[in-house]
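I have placed the structure first, in the form of structure tokens, so that the comments after it can refer back to it.
The chain is numbered in sequence order, starting from 1.
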Amino acid sequence: MLLERYLIRPATQDDDPDALRALLEPVDFLDAAMSEEIVDRMRTGWRMPAQFGTATLLLAQERPAGPVVGLAHAIPPVPWLMEMEAGLGRQLCLRLCRTLVELEAVSVADSARGLGLVGVHAAEYRLVALPGVEADHLVDEVVPDPHLASYYAADGFSALPAGAPLDLQLPIGRVRYPADASMRHLVRPLAPHVSYRAGVLEGLLAGR
């Protein structure tokens, strides 16, 4: 099994920043400074204020103490949600911060590609990274490359067309989560009560 070969764990301040930079180097960020910002978050032990949810950097490491071959950095889309505060109200925005998690970066070394580590990162996210935090689903934004779309689809993500928004069905109605015109949303529910179909996520905040 994959988890017998690789350990999925949160990054620590003791991890090698150069190994992290090597994995982040091929990631196509909208903001070129984001790669070094993620490294700095790891090196300094940065933590997001608890009211806004949890930012997490997961690493995939060969067992028992081999090299790090994959990473997934996830953080709630706080800036977008705070822009929605006037219409949704602060309390609902804060609840969504603890529900919606955006993958800022996912990367797997060439030596470990094709094994399903992206899917493992997603499956392990709630178990390893967020004990006590009820993230309902992951959202990623990637360059609209057909190869990437099929790569994510194999790991349980649904891909929207480039530039297409993602609609979030909430108890109060529907909220539109925009995408940059040059990017595409990829979505994967994490909780059994959340489902995705035709550009709409349903079941968010159910029972909360």
Side-chain angles (χ1 to χ4, degrees), residues 1-3 5-31 34-43 45-48 52-63 66-78 97-131 133-143 145 147-159 183-191 194 196:
M1 291 180 60
L2 201 57
L3 289 177
R5 181 176 176 183
Y6 297 103
L7 171 66
I8 309 297
R9 62 172 178 81
T12 72
Q13 291 174 264
D14 294 327
D15 282 304
D16 182 2
D18 288 333
L20 191 62
R21 288 189 183 97
L23 283 169
L24 289 170
E25 194 277 331
V27 178
D28 193 356
F29 291 105
L30 285 175
D31 181 355
M34 182 55 66
S35 177
E36 197 59 32
E37 183 174 334
I38 292 173
V39 174
D40 286 343
R41 289 173 185 173
M42 183 190 76
R43 293 175 61 242
W46 176 84
R47 294 290 183 268
M48 175 171 280
F52 295 123
T54 303
T56 303
L57 176 60
L58 289 182
L59 302 180
Q61 181 179 17
E62 289 188 10
R63 295 179 185 270
V68 171
V69 297
L71 66 82
H73 185 262
I75 189 168
V78 174
C97 283
R98 297 187 292 272
T99 300
L100 176 64
V101 183
E102 186 170 68
L103 285 169
E104 283 192 326
V106 179
S107 181
V108 177
D110 289 344
S111 62
R113 287 190 177 176
L115 301 178
L117 278 176
V118 171
V120 170
H121 271 115
E124 292 293 289
Y125 190 76
R126 298 178 76 189
L127 301 177
V128 177
L130 299 176
V133 177
E134 298 182 8
D136 280 343
H137 65 284
L138 293 171
V139 176
D140 197 4
E141 278 192 321
V142 300
V143 174
D145 180 331
H147 170 72
L148 283 178
S150 60
Y151 179 68
Y152 274 79
D155 285 312
F157 286 82
S158 297
M183 307 295 281
R184 69 190 304 168
H185 280 311
L186 298 165
V187 187
R188 175 170 173 168
L190 293 178
V194 176
Y196 169 80

When rounded to the nearest 0.5 angstrom, what distance separates CD in Glu36 from CZ in Arg43? 7.5 Å
Salt-bridged, Arg21 to Asp16, with N to O below 4.0 Å? no
Does any non-hydrogen side-chain atom of Leu24 lie less than 4.5 Å from one of Ile38? yes
Minimum heavy-atom separation for Leu71 and Leu20, please, with both atom names. CD2-CD1, 3.3 Å
Looking at side-chain heavy atoms only, is the closest gap between Glu62 and Tyr6 below 4.5 Å? yes
How far apart are the closest heavy atoms of Val69 and Leu23, and which atoms are they? O-CD2, 3.8 Å
Taking all non-hydrogen atoms of both residues, which atom of Met42 and which atom of Asp15 are closest, and how far apart? CE-O, 3.5 Å
Heavy-atom closest pair (Cys97 atom, Val78 atom, distance to 0.1 Å) is SG-CG2, 4.0 Å
Would you kindly say whether Arg9 and Gln61 are connected by a side-chain donor-acceptor distance under 3.5 Å? yes
For Pro17 and Val39, the nearest pair of non-hydrogen atoms, with its separation, is CB-CG1, 3.8 Å
Separation between CG of Leu7 and CZ of Arg63, rounded to the nearest 0.5 Å: 4.5 Å
Working note: Ile75 + Met48, criterion side-chain contact (heavy atoms from CB on, under 4.5 Å); need CA distance, chi angles, decisive distance, verdict. CA-CA 9 Å; Ile75 189 168; Met48 175 171 280; 3.3 Å; yes
Going by heavy atoms in the side chains, are Tyr196 and Ser158 under 4.5 Å from each other? yes
Shortest non-hydrogen contact between Pro26 and Ser107, atoms and distance: CG-OG, 4.2 Å
